[in-house]
Amino acid sequence: DGRAVLDTLARDTDAWVRALAVRAQRDRLLAEWQDLLDLAAADASPRVREAVDGTSPSGGGIMAETQRTLATMDRILFLREVPIFAGLEPEDLQRLAEAATERLHQPGEVIYGEGDLGEELAVIVEGTARVTKGSGETARTLDTYGRGEHIGELAILRRQPRAATVMADEDVRVLVIGGDMLRAVLLERPEAAMAMLESLAERVSTQG
């Protein structure tokens with residue numbers, strides 16, 4: 001039984017196992033709560049609909065559906081999905097997650113401009129961004145990035161101005177990691193450096 005397994009793991013001696021088990025239980029409870037809300041909303045009786053209207057399982061107000069700030073655990077789990085960070089230990093992911101900052105960009109807003117000095121890496125959490133080279137009539141689109149894809153690593157590694165402009169196609173949310181922190185992790189974890197090189201090689205071959 002899944003619930004029994006999670007209850008057992010929530011008492012494990014490893015703190016990471018306990019944390020993830022509690023997180024999984026939270027997600028499961030929220031899913032069950034949403035099912036209950038949907039069931040009540042579809043009921044013909046207003047009495048049934050009002051029974052859950054405006055409440056959460058704890059008795060407080062309903063949580064905002066679009067929470068704009070990621071908790072540390074959310075960031076860790078998200079970064080674990082990014083290929084260049086997938087091989088890192090949980091402690092390294094935690095370092096990155098705690099050091100990262102969150103930014104929102106509106107449609108048409110420039111995230112990074114061609115020629116700007118780059119000292120940070122941005123990983124897209126939501127939305128899509130377009131990469132262009134040049135300006136005006138000579139501008140050409142090189143690529144489009146979405147969730148889990150990263151921007152700016154080449155400028156950090158070369159310590160030179162950015163080679164292209166990155167613009168938000170829609171509302172875009174990114175996690176930003178400073179260059180010093182990223183370089184420290186790459187020096188300590190060769191597997192992350194290799195993953196980044198593989199990602200860069202893939203991009204070059206695609207754009208070529």
Side-chain angles (χ1 to χ4, degrees), residues 27 30 34 61-86 88 93-186 192-193 195-208:
D27 290 346
L30 288 176
Q34 187 59 54
I62 294 177
M63 292 182 295
E65 294 182 3
T66 55
Q67 186 174 352
R68 306 311 298 176
T69 302
L70 294 172
T72 299
M73 181 59 74
D74 293 313
R75 292 182 177 187
I76 291 172
L77 294 174
F78 169 71
L79 291 174
R80 183 67 177 79
E81 299 174 6
V82 179
I84 62 172
F85 300 133
L88 294 181
L93 292 173
Q94 183 176 5
R95 285 172 58 197
L96 292 173
E98 291 177 344
T101 57
E102 189 176 344
R103 283 208 305 250
L104 299 174
H105 295 277
Q106 297 179 342
E109 182 179 351
V110 173
I111 301 174
Y112 295 131
E114 183 176 348
D116 292 346
L117 293 177
E119 265 304 301
E120 61 185 33
L121 171 80
V123 186
I124 298 178
V125 179
E126 293 177 352
T128 58
R130 183 164 25 97
V131 183
T132 61
K133 181 76 172 176
S135 60
E137 295 181 356
T138 62
R140 60 189 180 95
T141 299
L142 301 179
D143 209 341
T144 300
Y145 296 156
R147 176 181 169 82
E149 296 189 277
H150 44 88
I151 309 163
E153 67 282 352
L154 190 57
I156 291 177
L157 296 176
R158 298 171 62 204
R159 300 196 181 190
Q160 293 183 5
R162 300 190 184 278
T165 294
V166 183
M167 181 180 299
D169 272 340
E170 53 187 330
D171 287 334
V172 173
R173 180 160 49 139
V174 296
L175 276 183
V176 179
I177 301 171
D180 289 340
M181 170 61 73
L182 181 62
R183 282 189 289 267
V185 171
L186 294 179
M196 180 172 288
L197 289 176
E198 291 173 1
S199 176
L200 286 172
E202 179 67 23
R203 285 186 180 177
V204 170
S205 63
T206 300
Q207 295 173 3

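Model, not experiment: these values are computed from the prediction.
In summary, of the residues considered (Lys133, Arg162, Arg140), a salt bridge (charged side-chain N to carboxylate O under 4.0 Å, His left out) with Glu114 occurs for Lys133 alone.
With rounding to the nearest 0.5 Å, the separation of CZ in Arg75 from CG in Leu96 is 11.0 Å. Here the CG atom belonging to Leu175 is positioned 11.5 Å from the CD atom belonging to Glu120, to the nearest 0.5 angstrom. Rounded to the nearest 0.5 angstrom, Leu88 CG and Leu79 CG are separated by 9.0 Å. With rounding to the nearest 0.5 angstrom, the CZ atom of Phe85 is 4.0 Å from the CD1 atom of Ile177. Atom CG of Asp143 and atom CD of Glu149 lie 7.0 Å apart (nearest 0.5 Å). Annotation: the span from Ile124 atom CD1 to Glu126 atom CD amounts to 11.0 Å, rounded to 0.5 Å.
Minimum heavy-atom separation, Ala122 to Val174: CB-CB, 4.2 Å. Nearest approach of Arg147 to Val125, heavy atoms of both residues: NH1-O, 3.0 Å. When all heavy atoms are compared, the tightest approach of Leu142 to Ala164 is CD1-CB, 4.3 Å. Between Val172 and Thr128, the shortest heavy-atom contact is CG2-O, 3.2 Å. The two residues Gly148 and Pro83 come nearest to each other via the heavy atoms O-CD, 4.3 Å. Closest of all the heavy-atom pairs between Ile111 and Ala129 is CD1-CB, 4.0 Å.
Residues forming a salt bridge (Lys or Arg N to Asp or Glu O under 4.0 Å) with Arg130 (at least two apart in sequence, or on another chain): Asp169. Thr72 meets the side-chain contact (heavy atoms from CB on, under 4.5 Å) test with Ile76, Ala97, Glu98; sequence neighbours excluded.
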ask   = When you look at Met167 and Thr132, which way does the side chain to side chain contact (heavy atoms under 4.5 Å, CB included) test go after all the steps?
value = CA-CA 8 Å; Met167 181 180 299; Thr132 61; 5.8 Å; no
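A donor-acceptor pair under 3.5 Å is absent between the side-chain atoms of Glu109 and the main chain of Ala168, judged by distance alone.
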